[in-house]
Amino acid sequence: MQLSALEIVRRESLQKLRELGINPYPAKQFKTTATIKQIKSDFKSFEGKEVVLAGRMMSRRIMGKASFAELKDATGRMQIYLNRDEISSDENATMYNTVFKKLLDIGDIIGIKGEVFKTKVGEESVHVKELTVLSKSLRPLPVVKTDADGKVHDAFSDPEQRYRQRYVDLIVNDHVKETFIKRTKITNSIREFFNSRGYLEVETPILQPIPGGAAARPFITHHNALNIPLYLRIANELYLKRLIVGGFDAVYEFSKDFRNEGMDRTHNPEFTVMELYVAYKDYHWMMSMTEELLEKVAIDSNGTTEVKIGDNNVSFKAPYPRVPILEAIKTHTGYDVAGMSEEELREVCKKVGIEVDNTMGVGKLIDELFGEKCEHHYIQPTFITDYPKEMSPLTKEHRSNPALTERFELMVNGKELANAYSELNDPIDQRERFEDQLKLSEKGDDEAMFIDQDFLRALEYGMPPTSGIGIGIDRLVMFMTNNSSIQEVLFFPQMKPEKKTIELSEDEKTVFNLLKNNTPILLNNLKSQSGLSNKKWDKTIKGLTKNKLAKVTNTEDGLFVALID
RNA sequence: GACCUGGUAGCUCAGUUGGUAGAGCACCUCCCUUUUAAGGAGGUGGUCCUGGGUUCGAGCCCCAGCCAGGUCACCA
């Protein structure tokens, strides 16, 4: 392994710690008596008292016999003050002069025991009396500094490194940690809301023999013992509905779903959807439930219903407007498309500048009109309702218009946040809708739904009228934390693998094999045996010496190349 | 998938017309007892993303590729 100079120094420090009888990775529990957040939030009662803290050393200011350092624990950062004669017992002041000043580095994890006090300039600090090494860090951490104006210098900001090495991102970028804490607050808030109503959190299969409940390309895998293909779920909808058939009144699941499609700022191959199904309800009820839920989530995560998303101020205060999709199209395009034929709709699309082709049916055309001309207008939470039937194969037909369905999508900041239906529970209608999907599939739509015969069998036993909703959790967290990229709300977003460490080139292998047969050997002999040009030879031998496989030595008899064992 | 931008020290970045690879922080040596982007003096540190090509000479120009970000397409 190729080590940088900084890494070599740290490994040497590690060795020296051991030589001093200090275990750089002690096994024993280190009992702390407080957290930094506790001290900072209640400084007066801690002042003058002894505390034991543990954390990572984030910076160091050494001034002769006194030093300041910054300690970061899971809850915050705090300055610590160290004095040579107070932390050292021997006359060489080894603990201070050697351990603290020479052998410790930024990034090391230490424990301290000391007294809480305030410095001359008013900085809340801990006066260290005892220092314990808890874990030596062998890699240099990016040093991010924040000045008195709050301006950040040398921020660790390269997105590739931040995502690939999220652990470093979390250590040096405090705001990143906040995002993920908020993510958990949001899911906890949703759970609280549902649990308090007696809804049951459940788990359903991730490995499914038929990937149903949505239209998307699945990831496929193989079960060896059964010798069958299995799919990673693209949705859990059909399983939750089976549970409603089975007699549960309300079930929900935070479902990690997987879709084998493109990746961009708002799409990751694996993502989280919260799905909820409640028996004997309809989509009107679901809208009321949703606005109540989101108002709570906003308050629980941000302390207020008013949330800044990009340049917009969005209010999650219930209630939210409910706008039928055809009305939205009328408002934003001027065309009343209600009852229009496919041909008429196609004309309207052309007039407003939407490209159309002959494969697009009524549903698709309406969807395009809304997506292109209306969607981005809905910044404040708005329920768009009553989508055309052919786009919604799992949704109950609208009670007063057979061309539409009882479906809504919740739009926030011009994007879809949730999708909900009065669920289709007529097994014969459901079978026909699936068969229509199959026809689409035969026409070449590789994302049309598969027919799940067992799901139809379940419906045939009878499912109560039910309303269901899916809320995109990643997107919800993006809104609540004002992030515009899904990668910022996933700990470990999907990335292409890093390039492997470089193997030996063909030329290097050739020379290495020559050397194995005859070592040491005169450099010029080896060079002529290799048959390489000057340029190639130079590159090859430098590659070998750099990888510590060969060594060139200068003797009275000339330059010799030898293998290194 | 297309296009745009980028990849140089541990981190953040400069790098002129193609002519000996730089700065700040970090690190090492020294000075300094309440500092705080601590300070002062000196120093170490490089696969300039990879592979070809052009050239006397490439971080820079050309070709191919890799990785990332962005925009668009796709994602009912």
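Every value quoted in this text rests on a predicted model; they were computed, and no experiment measured them.
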May I have the distance from [X] (atom [atom1]) to [N] (atom [atom2]), rounded to whole angstrom?
X	N	atom1	atom2	result
A:Asp158	B:U12	CG	P	6 Å
A:Glu488	B:G69	CD	P	10 Å
A:Ile486	B:C75	CD1	C1'	12 Å
A:Glu261	B:G1	CD	P	15 Å
A:Arg10	B:G45	CZ	P	19 Å
A:Glu70	B:A26	CD	C1'	15 Å
A:Ile171	B:C11	CD1	P	14 Å
A:Glu372	B:A73	CD	C1'	11 Å

message: Do the side chains of A:Asp158 and A:Arg162 get close enough for a salt bridge, i.e. N-O under 4.0 angstrom?
response: no

With [X], which residues qualify under side-chain hydrogen bond (donor to acceptor under 3.5 Å, both in side chains), at least two apart?
X	value
A:Tyr387	A:Glu409
A:Lys396	A:Asn425
A:Glu270	A:Lys256
A:Ser41	none

message: Please determine whether a side-chain nitrogen or oxygen atom of A:Arg60 lies at a distance below 4.0 Å from atom OP1 or OP2 of B:A38.
response: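 No, A:Arg60 has no side-chain N/O under 4.0 Å of OP1/OP2 on B:A38.
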
What interatomic distance, in whole Å, is found between [atom1] of [M] and the corresponding atom of [N]?
N	M	atom1	answer
B:G53	B:A41	C1'	48 Å
B:C32	B:A68	C1'	45 Å
B:G42	B:U8	C1'	26 Å
B:G19	B:C61	C1'	15 Å
B:C25	B:C66	P	39 Å
B:A26	B:C62	P	38 Å
B:G59	B:U54	P	16 Å
B:G70	B:C27	C1'	35 Å

Minimum-distance nucleotide to A:Met495 side chain [options: B:C11, B:G69, B:C27]: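 Of all the options, the side chain of A:Met495 is nearest to B:G69.
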
message: Which nucleotide wins on minimum distance to the side chain of A:Ala215, given the candidates B:A76, B:A68, B:C25?
response: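 So the nucleotide nearest the side chain must be B:A76.
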
message: Per the salt bridge (Lys or Arg N to Asp or Glu O under 4.0 Å) rule, what does the pair list look like for residues 82-102 of chain A, sequence neighbours excluded?
response: none

Within residues 142-156 of chain A or reaching into it, pairs that qualify as salt bridge (Lys or Arg N to Asp or Glu O under 4.0 Å) - sequence neighbours excluded: none

query: How does protein reach along nucleotides 30-37 of chain B, written 5' to 3' as B (base within reach of a heavy atom under 4.0 Å), S (only sugar-phosphate), or - (no contact)?
result: S-BBBBBB

Report which part of the nucleic acid [X] touches: base, sugar-phosphate, or nothing (heavy-atom distance under 4.0 Å, all strands).
X	result
A:Ser157	sugar-phosphate
A:Asp264	base
A:Arg265	sugar-phosphate
A:Arg164	sugar-phosphate
A:Gln487	sugar-phosphate

Would a distance-only check, ignoring hydrogens and angles, find a side-chain to backbone donor-acceptor pair under 3.5 Å from [X] to [Y]?
X	Y	value
A:Arg431	A:Ile451	no
A:Asn401	A:His398	no
A:Ser422	A:Tyr283	yes
A:Glu406	A:Ala420	no

Using purine N1 to pyrimidine N3 plus N6-O4 or O6-N4 for Watson-Crick, or N1-O2 and O6-N3 for G-U wobble, each under 3.5 Å, what pairs with [N]?
N	result
B:A64	B:U50
B:U71	B:A2
B:A23	B:U12
B:C28	B:G42

query: Of all residues at least two apart in sequence or in a different chain, which pass the salt bridge (Lys or Arg N to Asp or Glu O under 4.0 Å) check with A:Asp452?
result: A:Arg242

Would you tabulate the nitrogen or oxygen pairs shorter than 3.5 Å linking the protein to nucleotides 4-6 of chain B?
none

- prompt: Does anything in residues 402-416 of chain A reach RNA chain B, meaning a heavy atom under 4.0 Å, and if so which residues?
  reply: none

- line: The residue, A:His267 or A:Ala155, whose nearest nucleotide of RNA chain B is more 5′ is A:Ala155

task: For A:Tyr378, check ring pair (Phe, Tyr, Trp, His ring centres under 6.0 Å) against everything at least two apart and list the hits.
output: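 Only A:His332 meet the ring pair (Phe, Tyr, Trp, His ring centres under 6.0 Å) criterion with A:Tyr378.
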
field: Test ring pair (Phe, Tyr, Trp, His ring centres under 6.0 Å) applied to A:Phe383 - qualifying residues, sequence neighbours left out
entry: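 Partners of A:Phe383 under the ring pair (Phe, Tyr, Trp, His ring centres under 6.0 Å) test: A:Tyr320, A:Phe408.
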
